[in-house]
Amino acid sequence: MATPPASRTFEGTPQKLPVTPGTAIAGLLVPVLTVAGVVSSVHVEDIGNDWARRQRAVCRNLPFPVTEYVAAWLGLVLGLAAVVACVLVGRWIHRRDNVPLWQRWPGAVAFVCVWFNLLTIPVELIVLYETYSTAGSGVFLGDCG
């Protein structure tokens, strides 16, 4: 007679396995990526405002800052990476423990944060659109006489 695997009880219900550091790091990666994406999108506005202020200070048009493009794309990429990380954490937890994502605390953190992230991705898309739509338009320099 074969013995049951160590991760199972005799009734076939999953046994509580300890949360490994890898699972904890992977679960906490989702909120970190979500926050980093939002911070990057907010930083786009700071870059644009600083660019406009510098143009007004020197009373001439300056080239559009490339860092604004980078920050805008980075916000979207980080947001999408958080969703991918949540899917991978869910598959990992399900494969390892045979339980749904939200029944382990790293998975529950990732699951809750990915819903907030799904709300921020449209905002990051709007910021990306705004970055490209204002790139060709100049800033009103005011009275530079």
Side-chain angles (χ1 to χ4, degrees), residues 1-58 60-141:
M1 184 167 152
T3 59
S7 64
R8 309 260 182 223
T9 61
F10 289 105
E11 296 85 30
T13 58
Q15 180 182 355
K16 284 282 192 186
L17 295 175
V19 175
T20 62
T23 307
I25 290 170
L28 293 175
L29 184 64
V30 175
V32 168
L33 289 173
T34 301
V35 170
V38 171
V39 167
S40 177
S41 293
V42 169
H43 190 60
V44 168
E45 295 299 319
D46 295 338
I47 294 170
N49 291 338
D50 185 51
W51 172 66
R53 186 181 44 76
R54 283 185 288 128
Q55 286 186 106
R56 286 187 193 103
V58 296
R60 65 182 177 95
N61 287 325
L62 298 174
F64 195 75
V66 176
T67 54
E68 190 166 350
Y69 292 120
V70 172
W73 276 106
L74 188 64
L76 181 62
V77 167
L78 288 171
L80 294 174
V83 174
V84 169
C86 182
V87 169
L88 292 176
V89 167
R91 290 177 56 119
W92 185 11
I93 288 175
H94 183 69
R95 184 173 38 241
R96 179 179 176 267
D97 301 340
N98 200 22
V99 296
L101 174 67
W102 51 86
Q103 287 190 359
R104 297 277 186 236
W105 73 262
V109 168
F111 184 74
V112 169
C113 288
V114 82
W115 285 106
F116 288 120
N117 193 27
L118 291 176
L119 296 174
T120 63
I121 287 176
V123 173
E124 292 162 352
L125 283 170
I126 291 169
V127 167
L128 186 63
Y129 171 75
E130 181 218 356
T131 300
Y132 277 93
S133 64
T134 60
S137 64
V139 173
F140 178 69
L141 298 176

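By convention here, the first residue in the shown sequence is residue 1. Computed from a prediction, not measured in an experiment: that's the story for all the values here.
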Would you mind reporting whether V30 and F116 have side-chain heavy atoms less than 4.5 Å apart?
no

What is the minimum heavy-atom distance between W51 and P63, and which atoms define it?
NE1-O, 3.0 Å

To the nearest 0.5 Å, tell me how far F64 CZ sits from Q55 CD.
9.5 Å

Closest non-hydrogen atom pair between E68 and I47, with its separation
CB-CG2, 3.8 Å

Can you confirm whether V35 sits close enough to V38 that some side-chain heavy atom of one is under 4.5 Å from a side-chain heavy atom of the other?
no

Could you tell me the separation between the CZ atom of R95 and the CD1 atom of I93, rounded to the nearest 0.5 Å?
11.0 Å

Does a side-chain heavy-atom distance below 4.5 Å link I121 with V83?
yes

If we only count heavy atoms from C-beta on, is the E45 to V42 side-chain gap below 4.5 Å?
no

OG1 (T23) and CZ (R104) are apart, to the nearest 0.5 Å, by 9.0 Å

Measure the CG-OG distance between L76 and S41 for me, rounded to the nearest 0.5 Å.
8.0 Å

Plane angle bin for Y132 and W73 - parallel if under 30°, tilted between 30 and 60°, otherwise perpendicular:
perpendicular

Please name the pair of heavy atoms, one in A82 and one in V114, separated by the smallest distance, quoted to 0.1 Å.
O-CG2, 4.3 Å

P106 versus V19: any side-chain heavy-atom pair under 4.5 Å?
yes

In terms of heavy-atom contacts, L119 and V123 come closest through O-CG2, 4.0 Å

I need the L125 CG to L80 CG distance, nearest 0.5 Å.
7.5 Å

Contact summary for A85 and L33, nearest pair of heavy atoms
CB-CD1, 4.3 Å

Decide if atom CZ of R54 counts as having more than 12 heavy atoms of other residues, nucleotides or ligands within a radius under 6.0 Å.
yes

How long is the span from the CD1 atom in I126 to the OG1 atom in T131, to the nearest 0.5 Å?
11.5 Å

Verify, without hydrogens or angle tests, whether S40 (side chain) and G37 (backbone) share a donor-acceptor contact under 3.5 angstrom.
no

Would you call D97 and W92 a side-chain contact if the rule is heavy atoms closer than 4.5 Å?
no

Can you name the nearest heavy-atom pair linking E124 to G75, along with the distance?
OE1-O, 3.0 Å

